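Notes follow once the structure below has been shown.
Computed from a predicted model, the values in this text were never measured in an experiment.
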Amino acid sequence: VLLPPEFWNDYAMPVGRRLAGWCPARQFMPKAWQKDDPARQPCAPAPVVPRHWSWTGHCLCWLRDGGLLALVSFVIWWNLAQIPQLQTRVPVSLNWIAYDVGLDQNYGVFAPDPQIDDGWYVFYGTMKNGRTVNLFTGQSPAVLDRPDDIPGSFGGIRWMSYLIFIWSPAGHNFLEPLAQHIGRKWNLTHSGDEQLASLDIILMSEPTLPDLTKPPPEMLMLWTEFF
């Protein structure tokens, strides 16, 4: 889907038409009209254009259908191998098929260990005059309470993806540049005592327990930046 349209118009379409011309002809007949309906007139069958039959075209069609059948079988095999209770395993030597063709599916979002982390962020900014503000929502004074709309508090799908990433240990290196970016953006539009003195990136962690209950939120101080 990332290829330019010139590829499909100038190369893929002509090749597809040539391959279709080599495949055996199939006759498609229109559905018969109901004879008891006077408003409908019988329609003559569409003419079937004969296609040139050749062993080359026949072999190409079998090769195409056989390749698709093999890939569908591999997808079923690959998905069965994701079930821990089954002893089915795809050999490591065949993993390239899944990765190169894009068939490496898994259902890790749902099983066997679904995501249990939950919570919300508070970008707790303290100004030079002592006033506090949540730099992400503009709420002042800043509070740690649970927002009414947690997904909406992330500020859009791109911010959500970024903030979920820095939630993980692999994303902790991005906390400092994030704090500097948010603080610099605030200070560019404020002056004097309204400028930031410090910024705390706080994660209010509220994991989902196995019995689907939620414990009291825990405040995790991820980063503190001084200005």
Side-chain angles (χ1 to χ4, degrees), residues 1-118 151 154 156-171 174 208 210 212:
V1 295
L2 301 179
L3 294 174
E6 290 77 14
F7 169 81
W8 302 104
N9 294 332
D10 300 338
Y11 298 100
M13 188 180 296
V15 171
R17 287 175 176 171
R18 181 175 293 274
L19 291 176
W22 286 345
C23 290
R26 291 181 173 85
Q27 182 175 357
F28 297 94
M29 300 295 293
K31 185 177 180 180
W33 294 104
Q34 297 179 1
K35 295 182 179 180
D36 56 350
D37 188 353
R40 295 182 175 179
Q41 300 297 326
C43 179
V48 179
V49 179
R51 296 178 179 176
H52 178 67
W53 188 93
S54 67
W55 280 108
T56 303
H58 224 63
C59 291
L60 286 175
C61 291
W62 277 104
L63 183 63
R64 176 201 62 191
D65 296 342
L68 292 175
L69 180 61
L71 290 176
V72 171
S73 302
F74 185 84
V75 168
I76 297 175
W77 187 14
W78 181 270
N79 282 279
L80 290 177
Q82 309 300 318
I83 302 177
Q85 291 78 5
L86 300 180
Q87 300 299 322
T88 305
R89 292 294 180 269
V90 177
V92 177
S93 58
L94 297 180
N95 284 352
W96 65 270
I97 300 177
Y99 299 133
D100 292 354
V101 186
L103 302 178
D104 52 324
Q105 309 174 41
N106 67 79
Y107 297 94
V109 174
F110 308 103
D113 299 312
Q115 184 85 18
I116 63 172
D117 294 329
D118 198 2
F154 282 94
I157 186 62
R158 292 185 177 181
W159 271 111
M160 180 183 293
S161 300
Y162 185 87
L163 295 177
I164 290 177
F165 171 68
I166 65 172
W167 195 324
S168 64
F174 295 88
T208 301
L212 300 182

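- Counting heavy atoms from C-beta outward, Trp78 and Asn95 have side chains that approach closer than 4.5 Å.
- Legend: residues meeting side chain to side chain contact (heavy atoms under 4.5 Å, CB included) with Val75, ordered by chain and number and at least two apart, are Asn79, Leu103, Gln105.
- Other residues, nucleotides and ligands contribute over 12 non-hydrogen atoms within 6.0 Å of the CZ atom of Phe165.
- Separation of atoms CG (Asp65) and SG (Cys61) is listed at 6.5 Å; rounding is to 0.5 Å.
- Proximity of Phe74 to Val90: side-chain heavy atoms (C-beta onward) are separated by under 4.5 Å at one or more points.
- Between the CG atom in Leu68 and the CG atom in Leu63 there is a gap of 9.5 Å [rounded to 0.5 Å].
- Residues Trp159 and Phe154 approach most closely at CB-O, 3.0 Å, considering heavy atoms.
- The minimum heavy-atom distance linking Trp167 with Asp117 is given by the pair CZ2-CB, 4.2 Å.
- At most 12 heavy atoms of other shown residues, nucleotides or ligands fall within 6.0 angstrom of atom CZ in Arg158.
- Partners of Asp104 under the side-chain hydrogen bond (donor to acceptor under 3.5 Å, both in side chains) rule, at least two apart in sequence or in another chain, do not exist in this structure.
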